[in-house]
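One structure below.
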Amino acid sequence: MLLFLFNLSSAQAASLVSGAPYLDAAADAWANVLQTFGPSGAIAYELNTAHTSDLASFRKMISSLAYNTSALTLYNAFHHIDVGLTPVGTPLSSRRHACTHNLPDCRHDTRMLDIMISGIGTYAQWDTDKNNTEFKTRTTGTHVRASGYLTDGLSVGVAYTRTETNTRRTPIYADATTDSLTLFSEYLGTSGLFINMGVNGGRINWANDKSIAGIENSAAYDADFIAGQITSGIQLSRGRIGITPQIGVRYVRLSSDKHIDSAAQEFQKWWYNTLTTRAQMLIDFDFIGDWYIMRPSMALGVGYDALTHGTDAISVRVISGQTYNIPIDTPHRTALNGALGIDFLANDFSIGLDYRLDIRSDYIAHTGALNIKITF
């Protein structure tokens with residue numbers, strides 16, 4: 001015999017869910033799912049049992065079924081793009097014909113190719129009860145780039161970035177592998193004026209696992225993104241002190257694929273784009289040795305999303321044909337960032353450690369990086 005999920009009206013079922021308002025609509029939709037075969041039928045049976053005996057479990061199951069992945073997807077993309085567009089955010093260390101890092105012992109006209117390898121690690125937290133989007137993530141990754149001089153002060157290059165993100169302390173387990181390619185150019189004038197440009201594009205492969213009362217409800221889907229950035233500023237030197245004010249603008253567009261999870265919920269495609277203006281001040285100081293320079297540095301910056309636009313909500317269709325909408329939980333417009341670093345520079349190589357702090361309302365991320373660069 002086929003039984004409806006709840007022995008009460010759908011409005012009464014929805015009223016049992018507290019927290020994000022859209023979860024009421026999800027409970028309403030699932031109230032019409034039949035206890036038939038397959039994962040959706042088994043989940044319907046567990047929901048039917050829980051709503052009469054354990055409301056806390058009922059709320060937890062609905063929160064897992066309708067977990068809002070939009071903020072998680074956007075922040076994962078934004079962080080990866082930050083890494084991928086790293087070459088665009090800093091000026092060239094020197095023009096080709098100049099002595100590398102202005103060391104006493106240098107060889108003129110020999111700099112043709114730079115290769116840099118970076119290993120990164122990030123811990124991030126989005127802490128809010130709004131729209132069922134709380135998460136904590138750990139990310140590790142690698143950034144490899146090569147650039148060559150076309151002429152004095154003008155360099156072009158390509159970079160590959162791969163990050164792996166593990167998400168915990170949410171109603172679901174979510175893992176993401178992100179790959180991207182960056183094309184960039186860097187110009188440094190004799191006055192210290194620099195202009196950098198870059199384009200980054202890639203794909204996020206998501207694998208989600210929602211355990212509903214012990215019933216596996218998994219999903220796999222992709223999100224594609226493309227970003228472009230222009231940064232300009234000027235390097236000012238006062239003895240051993242370097243001051244670099246800079247401004248920039250970045251455009252990002254992201255789209256997430258349509259997909260179906262194990263419970264036969266069909267999530268529709270959604271997209272989002274943003275245009276962000278940025279300003280930053282970098283200060284460094286040189287300690288000069290016989291064959292190297294030790295350069296500690298710090299930076300403070302601010303960003304503002306001047307344009308944000310995209311899908312308002314993710315439409316979800318359950319197996320019974322009813323639908324509910326998950327709101328796109330977008331970042332707040334203002335972003336702050338700070339960084340500390342120390343680099344050891346020689347003629348043919350450099351090694352450095354960086355720490356970066358990124359903050360938005362209800363969001364914080366700590367990133368550490370080890371950078372090794374070889375010059376040919």
Side-chain angles (χ1 to χ4, degrees), residues 82-122 140-150 152-162 182 184-190 192 194-196 198 231 233-244 246 280-299 301 338-356 367-376:
D82 281 342
V83 178
L85 288 175
T86 299
V88 184
T90 55
L92 282 170
S93 57
S94 70
R95 292 168 59 85
R96 183 176 60 176
H97 77 277
C99 297
T100 305
H101 310 301
N102 296 317
L103 288 171
D105 180 19
C106 65
R107 297 186 301 275
H108 295 274
D109 299 319
T110 61
R111 301 191 69 203
M112 295 296 295
L113 179 67
D114 289 338
I115 296 178
M116 184 170 181
I117 301 175
S118 300
I120 65 166
T122 299
T140 58
T142 303
H143 173 80
V144 181
R145 72 177 188 248
S147 59
Y149 285 86
L150 294 182
D152 293 340
L154 178 61
S155 175
V156 296
V158 60
Y160 168 73
T161 307
R162 181 181 181 89
T182 304
F184 62 91
S185 66
E186 302 170 278
Y187 171 76
L188 176 63
T190 55
F194 71 92
I195 301 174
N196 298 340
T231 302
I234 187 167
Q235 290 181 311
L236 304 174
S237 296
R238 297 294 182 268
R240 296 185 182 184
I241 299 175
I243 301 174
T244 307
Q246 62 185 58
Q280 179 175 280
M281 178 70 73
L282 172 66
I283 301 174
D284 56 60
F285 184 85
D286 288 347
F287 295 93
I288 301 177
D290 293 336
W291 56 272
Y292 68 91
I293 289 177
M294 183 177 69
R295 179 177 294 166
S297 62
M298 65 173 294
L340 296 173
I342 185 166
D343 295 285
F344 293 88
L345 313 169
N347 275 315
D348 299 322
F349 74 93
S350 66
I351 183 170
L353 290 171
D354 295 322
Y355 165 76
R356 179 181 171 95
T367 300
L370 171 64
N371 311 306
I372 299 174
K373 182 167 73 172
I374 301 174
T375 300
F376 298 94

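Here CG of Asp82 is found 8.0 Å from OG1 of Thr367. Values are rounded to the nearest 0.5 Å. Taking CZ from Phe285 and CE from Met294, the interatomic distance works out to 9.5 Å, rounded to the nearest 0.5 Å. Rounded to the nearest 0.5 Å, atoms OG1 (Thr142) and CD1 (Ile120) are 7.5 Å apart. Distance check: Tyr149 OH to Leu154 CG gives 10.0 Å after rounding to the nearest 0.5 Å. How far CZ of Arg295 is from CG of Asp286: 4.0 Å, rounded to the nearest 0.5 Å. Atom CG in Asn196 sits 12.0 Å away from atom OH in Tyr187 (nearest 0.5 Å).
In this structure, the side chain of Gln246 engages the main chain of Gly89 through a donor-acceptor pair within 3.5 Å. Formation of a donor-acceptor pair under 3.5 Å by the Ser350 side chain with backbone atoms of Ala346 is not found in this model. At least one donor-acceptor pair closer than 3.5 Å links the side chain of Ser155 to the backbone N or O of Gly148.
Contact annotation: the side chain of Ile351 approaches that of Leu370 to within less than 4.5 Å [non-hydrogen atoms, C-beta and beyond]. Between His143 and Pro87 there is a side-chain heavy-atom pair separated by less than 4.5 Å. Looking at heavy atoms from C-beta onward, Thr231 lies out of side-chain contact with Gln280 at the 4.5 angstrom threshold.
Contact between Asn371 and Ser118 at its shortest, heavy atoms only, is OD1-OG, 2.7 Å. Looking at every heavy atom in both residues, Arg145 comes nearest to Ala159 through CB-CB, 3.4 Å. Leu92 and Gln235 get closest at one heavy-atom pair: O-NE2, 3.7 Å. Taking every heavy atom of both residues into account, Ser297 and Leu282 meet most closely at CB-CD1, 4.1 Å. In plain terms, the two heavy atoms of Ile115 and Ala146 that are nearest each other are CG1-CB, 4.2 Å. Considering every non-hydrogen atom in both Val88 and Phe184, the closest pair reads CG2-CB, 4.2 Å.
In this structure Tyr355 satisfies the ring-ring contact (aromatic ring centres under 6.0 Å, His included) test with no other residue, sequence neighbours excluded. Judged as a ring-ring contact (aromatic ring centres under 6.0 Å, His included), and not counting sequence neighbours, Tyr160 has no contacts.
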Residues Asp114, Met116; criterion side-chain contact (heavy atoms from CB on, under 4.5 Å); working and verdict: CA-CA 7 Å; Asp114 289 338; Met116 184 170 181; over 6 Å; no
